[in-house]
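What follows is a short report on a single structure.
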Amino acid sequence: MDRITLSVIKADVGGFVGHSSVYDELIEEAEDRLEAAVKDDLIVDFHVTACGDDLQLVMTHRKGVDSPEIHRLAWETFEACTDVARGLKLYGAGQDLLADAFAGNVKGMGPGVAEMEFTERPSEPVLIFMADKTSAGAWNLPLYRMFADPFNTAGLVISPAMHDGFRFEVHDVKENRRVFFDTPEELYDLLVFIGAPGRYMVKAVYTKKGEIAAVSSTQRLALIAGRYVGKDDPVCIVRSQGDFPAVGEVLEPFTMPHIVEGWMRGSHYGPLMPVPLYHATPSRFDGPPRVVCLGFQIAGGRLVGPRDMFDDPGFDEARRLCNVIADHFRRHGPFEPHRLPMEEMEYTTLPQVMERLAGRWEAIL
Ligand code: 13P
Ligand code: 13P
Ligand code: MG
Ligand code: MG
């Protein structure tokens, strides 16, 4: 059976209005480019969408992960969309394209990437999560819940296919190193690290037999650029059913709006709100942070779908709770823990203000 690769590559190449959404003409430009790539037999199928101001390219192909051809296609698509954004004077045109020219792989160049290669099962349901106004570690808590928490995922207890647990690949994005943890055996060791999502990120989850279950984007824009240029706004792919959690088990963690970094100027904490695509337009204080989930069945590489998975009244209470939490956080104004701690603020525009005040400090005798 042929292997198929599912690639989700995203970038903010210009916002409409401000940082709140992607203008239709950018989506159309990206669709034209990817349609041409299907005709050229470079990719099998695609779906273009947006979460907030981030343009999302969902593609299937036979080239494997980290394919220079696929990454070039994504990069050139983002460049073309940036030209459209510049023409319309959209906000922050080309924001996430941190390099002048493509150099073989979009990793480290600004766009976020999540890719996995697998042999299609008789039925292959996948769920693609996309977030705006947040940072790459935002998937740590939900991935933990999906694959390691029996209070979330009943299958860990009652399904023979999942009872052995999973293997987590964790990246330390500051030291550029990785470690693997087996669950449930090493649950507590895993939590030592992934509870600090600014530095340690769940890159991937595998079954104990080594089958890929989930993969996330871990690109941190601030670490690439060395300064604040916008938030990472990460993506995550999760395979579902059979040896993996059921669709509802994969979605369940988002009923608890956990607190993530990335709201307003990338400098504030706020709750992550699960929304349908038509509500993925963060406007209140440029937020609160949003997550959408598109479901597909993959058939011979064809992306059958999408289904807009959070377009379900079952998530209404999570959204309501989110607004209550958002109100409470907002009342803290410029105070922590709404504002990020000082070491994270180093990657914002605050250091320039501090620089101006540097001479005002006097020694305390
Ligand atoms: P499987 O069909 O993947 O075993 O999952 C059962 C299910 O859908 C429970 O919600
Ligand atoms: P993005 O990272 O989504 O571009 O948002 C930036 C911002 O400043 C929002 O207030
Ligand atoms: Mg933006
Ligand atoms: Mg964004």
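In each ligand, atom 1 is the first atom listed, and ligand 1 is the first ligand listed. Computed from a predicted structure; not experimentally measured.
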If the condition is side-chain hydrogen bond (donor to acceptor under 3.5 Å, both in side chains), which residues does E261 pass it with, not counting sequence neighbours?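 Counting only residues at least two positions away or on another chain, E261 forms a side-chain hydrogen bond (donor to acceptor under 3.5 Å, both in side chains) with R220, K231.
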Compare all side-chain heavy atoms of D311 with those of Y278 and state whether any distance is below 4.5 angstrom.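 Of all side-chain heavy-atom pairs linking Y278 with D311, at least one is under 4.5 Å.
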Take the Mg ion (ligand 4) as the centre and count protein N, O or S atoms at distances under 2.8 Å.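 Protein N, O or S neighbours of the Mg ion (ligand 4) under 2.8 Å, waters not counted, come to 4.
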Would you say the side-chain atoms of S217 pair up with the backbone N or O of V235, donor to acceptor, closer than 3.5 Å?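 Yes; judged by distance alone, with no hydrogens or angles, the pair exists.
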Please confirm whether the backbone N or O of A246 pairs with a side-chain atom of E249, one donor and one acceptor, at under 3.5 Å?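 Yes; at least one donor-acceptor contact below 3.5 Å.
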Does R239 make a cation-pi contact with F118, if we ask for NZ or CZ under 6.0 Å from the ring centre and within 45° of the axis?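 Here R239 passes the 6.0 Å and 45° test against F118.
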Cation over ring face, R330 and F285, 6.0 Å, 45°: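 Here R330 passes the 6.0 Å and 45° test against F285.
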In this structure, is the centre-to-centre distance between the rings of H47 and F296 below 6.0 Å?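 Between F296 and H47, the centre distance is under 6.0 Å.
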Can you give me a line-by-line list of nitrogen or oxygen pairs between ligand 2 and the protein shorter than 3.5 Å?
from: ligand 2; atom 1: 2 (O); to: K231; atom 2: N; distance (Å): 2.6
from: ligand 2; atom 1: 3 (O); to: D53; atom 2: OD1; distance (Å): 3.0
from: ligand 2; atom 1: 3 (O); to: D53; atom 2: OD2; distance (Å): 3.2
from: ligand 2; atom 1: 3 (O); to: D132; atom 2: OD1; distance (Å): 3.1
from: ligand 2; atom 1: 3 (O); to: K133; atom 2: NZ; distance (Å): 2.6
from: ligand 2; atom 1: 3 (O); to: D233; atom 2: OD2; distance (Å): 3.0
from: ligand 2; atom 1: 4 (O); to: D12; atom 2: OD2; distance (Å): 2.9
from: ligand 2; atom 1: 4 (O); to: H19; atom 2: ND1; distance (Å): 2.9
from: ligand 2; atom 1: 4 (O); to: D53; atom 2: OD2; distance (Å): 2.9
from: ligand 2; atom 1: 4 (O); to: Q95; atom 2: OE1; distance (Å): 3.4
from: ligand 2; atom 1: 4 (O); to: Q95; atom 2: NE2; distance (Å): 2.8
from: ligand 2; atom 1: 5 (O); to: K133; atom 2: NZ; distance (Å): 3.4
from: ligand 2; atom 1: 8 (O); to: Y228; atom 2: OH; distance (Å): 3.3
from: ligand 2; atom 1: 10 (O); to: R265; atom 2: N; distance (Å): 2.8
from: ligand 2; atom 1: 10 (O); to: D286; atom 2: OD2; distance (Å): 2.6

Quick one: pull up CD in E211 and NZ in K209 and give me the separation to the nearest 0.5 Å.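 The NZ atom of K209 is 9.5 Å from CD of E211, to the nearest 0.5 Å.
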Test side chain to side chain contact (heavy atoms under 4.5 Å, CB included) applied to E185 - qualifying residues, sequence neighbours left out: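 Side chain to side chain contact (heavy atoms under 4.5 Å, CB included) check on E185 returns D182, K208.
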